[in-house]
Amino acid sequence: MSGPQCCANPPTLNPNSGAGHVEKLGGLSTYVTGSPDSKLATLLISDVFGYEAPNLRKLADKVAAAGFYVAVPDFFHGDPNVDGGRPLQEWIKDHGVDKGFEEAKPVIQALKCKGITATGAVGFCWGAKVAVQLAKREFIQAAVLLHPSFVTVDDIKGVEVPISVLGAEIDQFSPPALVKEFEEALTAKSEVDRFVKIFPKVAHGWSVRYNVEDESAVKTAEEAHQNLLEWLAKHVK
């Protein structure tokens with residue numbers, strides 16, 4: 001994850017973006033959106049740029065419009081990996097995925113305390129590793145991984161809940177050959193429902209770090225969004 005792709009096309013962070021609001025959830029500042037009366041939740045776990053990315057919050061609002069209560073926690077405690085900050089290799093020492101996994105558990109518990117009965121987790125890049133860790137035990141009811149980083153075949157073999165993997169054709173962290181290995185590992189687990197797709201002609205990060213003025217980029221991002229919404233609707237109920 002130390003290569004340039006992880007940090008390509010950085011978003012312009014905006015703490016006021018989105019139709020929702022920020023509140024404390026499970027000890028973390030969290031962007032929340034959607035009906036508080038919903039019994040179904042979705043946890044969006046960001047890439048290294050964090051929870052103030054406008055495209056990520058726009059997607060959270062879209063998931064909320066489909067009937068979910070959506071939480072986007074600040075796993076980086078106000079310290080996303082933005083331009084001009086520390087080198088990624090240094091930053092990641094303070095923001096490891098194992099720490100993210102541990103901090104996700106109280107967030108899920110806090111959602112249950114709000115009356116949530118089923119939760120899905122959607123992870124992007126860094127966040128995909130956290131999501132797959134949650135999917136190894138029944139913390140969640142379904143997972144979606146988009147252009148994952150750090151995820152291994154052994155991680156996939158340990159998954160216990162329905163999982164969708166949406167990969168990019170141009171991705172040094174999860175190249176198509178590795179995504180195919182993920183698919184083979186899931187195929188061997190017939191008891192776990194799965195959906196695996198490689199999007200042609202797109203690069204790592206395409207689903208949330210697209211240029212809103214690039215019609216083609218928006219179209220492929222929206223296709224991924226539709227795929228993840230269908231997966232959540234199928235399995236988080």
Side-chain angles (χ1 to χ4, degrees), residues 10-82 85 91 94-135 137-146 161 207-209 225 228-229 231-233 235-237:
T12 299
L13 302 183
N14 180 357
N16 298 313
S17 59
H21 66 277
V22 174
E23 64 178 58
K24 285 288 186 180
L25 192 68
L28 298 181
S29 295
T30 303
Y31 176 78
V32 295
T33 181
S35 171
D37 296 326
S38 177
K39 299 298 183 185
L40 309 176
T42 299
L43 186 67
L44 295 192
I45 309 172
S46 75
D47 59 17
V48 298
F49 295 106
Y51 84 136
E52 293 180 352
N55 284 354
L56 181 63
R57 290 192 175 184
K58 187 190 300 183
L59 176 56
D61 293 340
K62 185 186 293 187
V63 176
F68 295 92
Y69 185 73
V70 184
V72 192
D74 178 15
F75 287 106
F76 308 138
H77 302 272
D79 183 35
N81 188 254
V82 293
W91 178 89
D94 291 330
H95 303 292
V97 288
D98 289 341
K99 182 182 177 187
F101 170 55
E102 292 302 323
E103 292 187 336
K105 295 176 191 176
V107 174
I108 293 170
Q109 186 58 45
L111 289 170
K112 289 179 180 178
C113 290
K114 285 179 175 282
I116 295 297
T117 58
T119 301
V122 181
F124 308 84
C125 184
W126 180 97
K129 179 71 169 188
V130 177
V132 81
Q133 297 280 62
L134 292 170
R137 302 168 199 148
E138 293 186 357
F139 293 111
I140 56 174
Q141 280 60 59
V144 183
L145 316 183
L146 297 99
V161 300
S207 72
V208 283
R209 300 211 299 269
H225 301 165
L228 76 85
L229 280 168
W231 194 252
L232 292 171
H235 291 293
V236 182
K237 54 190 180 181

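Since this is a predicted model, take the numbers as computed values, not measurements.
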Trainee: Enter the distance from Thr33:OG1 to Phe68:CZ here, rounded to the nearest 0.5 Å.
Mentor: 13.0 Å
Trainee: Could you check whether any side-chain heavy atom of Arg209 comes within less than 4.5 Å of a side-chain heavy atom of Pro10, counting everything from C-beta outward?
Mentor: no
Trainee: Which atom names give the shortest non-hydrogen contact between Thr30 and Ala71, and what distance separates them?
Mentor: CG2-CB, 3.7 Å
Trainee: Can you see which heavy atom on Gly50 is nearest to which on Leu56, and at what distance?
Mentor: O-CD2, 3.7 Å
Trainee: Taking it one step at a time, do Tyr51 and Ser29 satisfy side-chain contact (heavy atoms from CB on, under 4.5 Å)?
Mentor: CA-CA 9 Å; Tyr51 84 136; Ser29 295; 3.8 Å; yes
Trainee: Using modelled atom types and a 3.5 Å cut-off, is there a donor and acceptor pairing between side-chain atoms of Asn81 and backbone atoms of Val48?
Mentor: no
Trainee: Could you check if a side-chain atom of Leu28 sits within less than 4.5 angstrom of a side-chain atom of His77, using non-hydrogen atoms only?
Mentor: yes
Trainee: Is there a side-chain contact between Asn55 and Pro11, using heavy atoms and a 4.5 Å cut-off?
Mentor: no
Trainee: Taking it one step at a time, do Val32 and Tyr69 satisfy side-chain contact (heavy atoms from CB on, under 4.5 Å)?
Mentor: CA-CA 7 Å; Val32 295; Tyr69 185 73; 3.6 Å; yes
Trainee: Could you tell me if the side chain of Asp74 sits less than 4.5 Å from the side chain of Val22, heavy atoms only?
Mentor: no
Trainee: In terms of the angle between their ring planes, are Phe75 and Trp126 parallel, tilted or perpendicular, with boundaries placed at 30° and 60°?
Mentor: tilted
Trainee: For residues Val107 and Pro73, report the shortest heavy-atom separation together with the two atoms involved.
Mentor: CG1-CG, 4.1 Å
Trainee: Yes or no on side-chain contact (heavy atoms from CB on, under 4.5 Å) for Thr119 and Gln141, after CA distance, side-chain angles and deciding distance?
Mentor: CA-CA 6 Å; Thr119 301; Gln141 280 60 59; 4.2 Å; yes
Trainee: Which atoms form the tightest heavy-atom contact between Val236 and Ala41, and what is the distance?
Mentor: CG1-O, 3.9 Å
Trainee: When you compare the side chain of Gln133 with that of Val130, does any pair of heavy atoms fall below 4.5 Å?
Mentor: no
Trainee: For a quick test of reading the model, state the closest non-hydrogen atom pair linking Ile140 to Ala142 and the distance between them.
Mentor: CD1-O, 3.3 Å
Trainee: Can you tell me how far the CH2 atom of Trp231 sits from the NE2 atom of His235, to the nearest 0.5 Å?
Mentor: 3.5 Å
Trainee: How many angstroms lie between CD in Glu103 and NE2 in His95, if you round to the nearest 0.5 Å?
Mentor: 10.0 Å
Trainee: Would the distance check show the side chain of Arg57 and the main-chain N or O of Pro15 forming a donor-acceptor pair, the cut-off being under 3.5 Å?
Mentor: yes
Trainee: Compare every heavy atom of Lys39 with every heavy atom of Gly115, then report the nearest pair and how far apart it is.
Mentor: O-CD, 3.1 Å
Trainee: Does Lys112 have any salt bridge (Lys or Arg N to Asp or Glu O under 4.0 Å) partners at least two apart in sequence or in another chain, and if so, which?
Mentor: none
Trainee: As a test of understanding, state which of Leu228, Leu229, Thr42 forms a side-chain contact (heavy atoms from CB on, under 4.5 Å) with Val144.
Mentor: Leu228
Trainee: So do the side chains of Phe124 and Leu59 get within less than 4.5 Å of each other, counting heavy atoms only?
Mentor: yes
Trainee: Would you check if Tyr31 and Leu44 make a side-chain contact, meaning some heavy-atom pair closer than 4.5 Å?
Mentor: no
Trainee: For the residue pair Lys114 and Leu25, establish whether any side-chain heavy-atom pair is separated by less than 4.5 Å.
Mentor: yes
Trainee: What distance separates Glu52 CD from Asn16 CG, expressed to the nearest 0.5 Å?
Mentor: 8.5 Å
Trainee: Hey, mind stepping through Leu43 and Leu134 against side-chain contact (heavy atoms from CB on, under 4.5 Å) and telling me if it holds?
Mentor: CA-CA 11 Å; Leu43 186 67; Leu134 292 170; 4.1 Å; yes
Trainee: Hey, what do you get for CD1 (Ile45) to NZ (Lys129), rounding to the nearest 0.5 Å?
Mentor: 13.0 Å
Trainee: For Ser46, check side chain to side chain donor-acceptor pair (under 3.5 Å) against everything at least two apart and list the hits.
Mentor: none
